[in-house]
Protein chains: 2
Amino acid sequence: MNMAESYGQFCPVAMAAEIFCTRWTPLILRELAAGSTRFNDLKRGVPRISPTLLSKRLKQLEEAGVIERVRSADDAPEYRLTPAGNDLKTVVFGLGFWGQRWIEAQSSLKNLDPSLLMWDMRRNLNPTPLPQPRCVIQIVYPELKQGQRHWWLVIENGETDLCKVDPGFDVDLYISTDLRTMTAVWMGLTTVRSEIDAGRMHITGNDGVKHAINQWLGLSPFAVEKKLVNA
Amino acid sequence: MNMAESYGQFCPVAMAAEIFCTRWTPLILRELAAGSTRFNDLKRGVPRISPTLLSKRLKQLEEAGVIERVRSADDAPEYRLTPAGNDLKTVVFGLGFWGQRWIEAQSSLKNLDPSLLMWDMRRNLNPTPLPQPRCVIQIVYPELKQGQRHWWLVIENGETDLCKVDPGFDVDLYISTDLRTMTAVWMGLTTVRSEIDAGRMHITGNDGVKHAINQWLGLSPFAVEKKLVNA
DNA sequence: CTGCATCCTCTTCGATACTG
DNA sequence: CAGTATCGAAGAGGATGCAG
């Protein structure tokens, strides 16, 4: 943090803002808090950051004592939150919950992104109620262009994989909907039930998997919070 | 917020960071949370921001629904937190408390600023234990250059005024110290008692006012938090 | 795979001066 | 008091290439 970026104030808000309130930093911390440790996993969760800037931010966070760069068993670099970084999670989540309460749904739903949504769904999916040894869920966004239209979630041995190309397995459940609807469900702005009833979401396949959807389809960590503004 | 500044993510952390994590914004919100409402009061609490950028940020915060610009009784513009802005205080203070816990004291004490410190002391001073109808406290930083060396706090009718020129009243209490020591006391990093004992702070004058110093000298709102890192 | 370096363009920021 | 106007400097983003 050079002098030009410094606020020149001893106030803890100013000192902390120098670390936390730079472009992309809250999103990088959100990814780290969600469990990503590798450079390219972070990149995937923050796709529009350039690798140069991500690298710079990671160095700054390391310098600030928020993360540490360590070598994994196979000698690949990993980034992990330090105790100070773990403590900073409360600020990241506080910011997110504030956004969930006060930012109009319309604004958020202008930023649809199927890759981000599916990446998040993969991360929060709960394998427990799904059939063994393998369960395949296909999600289709008919309005999107080829390459973003078809997605497969493959749950096997308690692990969830996300595929953009057909993995070739039998599909247990098909979900067809539009990206806005799926995102709104994920954010807790509406429910699977009401979107099916409204004809914006169609689910076919294994009835057991279908009826357990509210168990395995984990929602956004912020979905529990209710909006306090009306769109 | 134009497209270039947008993160392009529906995640509430990203949406909120677009509002909260821009340069100077947390400091402006801190000033608003502390009670400042006028443009020049905000400028005084955030002295190194340019008026252009302050104006821009206030417009952005208004657009985001965090503050509202209203006309006071004498038709002067005032900025006040909305309910959403009040709710955002928890994030501002969360950030500040994190800073107080995890940022090394040495780093903060590189950013000494007598104007900011005295402005904050004025704001948090508790008039209750001080003699009526008027109490004058002079603070001297012998190492500073003329114009920053002498300060007077004038407490009258429950109101505290801060002067850089001698207001001409009899002084009830003199405090002589260096700026670093006074700042460290203000931040809760040390105590008046131990700094007097160490010879870094000298207090003379009315014994009643002197002995009540821990009552009237309000500290930083973050002073109650203990450091978790060692310098 | 995991990044870092470079070149280029565009936006934002800071400093200063100035106006109603 | 409450901002606006202007301009040069710095930072961020995109594209591309390369190294271990």
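Proteins get letters first, then strands, A, B, ... in listed order; numbering begins at 1 in each.
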Shortest non-hydrogen separation from A:D170 to A:V136 and the atoms involved: O-CB, 3.4 Å

Below 4.0 Å: OP1/OP2 of D:dG3 and any side-chain N or O of B:R69: yes

Rounded distance (Å) that lies between atom P of C:dG3 and atom NZ of A:K59: 9 Å

Interatomic distance, A:I49 CD1 vs D:dG14 C1' [rounded to whole Å]: 13 Å

Nucleotide nearest B:R23 when distance is taken to its side chain, options C:dC13, C:dC1, D:dA12: C:dC13

Nearest-nucleotide pick for B:P77, side chain only, options being D:dG3, C:dG3, C:dT2: D:dG3

side-chain N/O A:R38 vs C:dT2 OP1/OP2, d < 4.0 Å: yes

Pairwise 5' ranking along DNA chain C for A:T52 and A:L58, keeping only the more 5' one: A:L58

Rounded distance in Å - CG (B:D41) to C1' (D:dC1): 11 Å

Donor + acceptor pair across side chains of B:S55, B:T52 (<3.5 Å): no

C:dC13 phosphate, OP1 or OP2, under 4.0 Å from B:R57 side-chain N/O: yes

Residue pairs passing the salt bridge (charged side-chain N to carboxylate O under 4.0 Å, His left out) test where at least one lies in residues 77-101 of chain A, sequence neighbours excluded: A:E78-A:R80, A:D87-B:R101, A:R101-A:E225, A:R101-B:D87

Integer-rounded Å distance: D:dC1 P and B:R71 CZ: 16 Å

Nearest-nucleotide pick for B:N40, side chain only, options being C:dG3, D:dA2, C:dC13: D:dA2

Proximal nucleotide (of D:dT4, C:dG14, D:dG13) relative to the B:L53 side chain: C:dG14

Phosphate OP1/OP2 of D:dA12: any A:K56 side-chain N/O under 4.0 Å: yes

4.5 Å side-chain heavy-atom contact, B:L125 and B:L130: yes

Rounded distance in Å - CD1 (B:I28) to C1' (D:dA2): 15 Å

Nearest-0.5 Å distance, CG of residue B:L29 to CD of residue B:E31: 10.0 Å

Integer-rounded Å distance: D:dG3 P and B:F39 CZ: 6 Å

5' priority, DNA chain D, between B:S55 and A:W24 [closest heavy atom]: B:S55

Whole-Å gap separating P (D:dA12) and CG (A:L54): 13 Å

Interatomic distance where NZ belongs to B:K43 and C1' belongs to D:dC1 [whole Å]: 13 Å

Presence of B:Y79 side-chain N/O under 4.0 Å of D:dG3 phosphate oxygens OP1/OP2: yes

Nearest-nucleotide pick for B:P51, side chain only, options being D:dA12, C:dA15, D:dG3: D:dG3

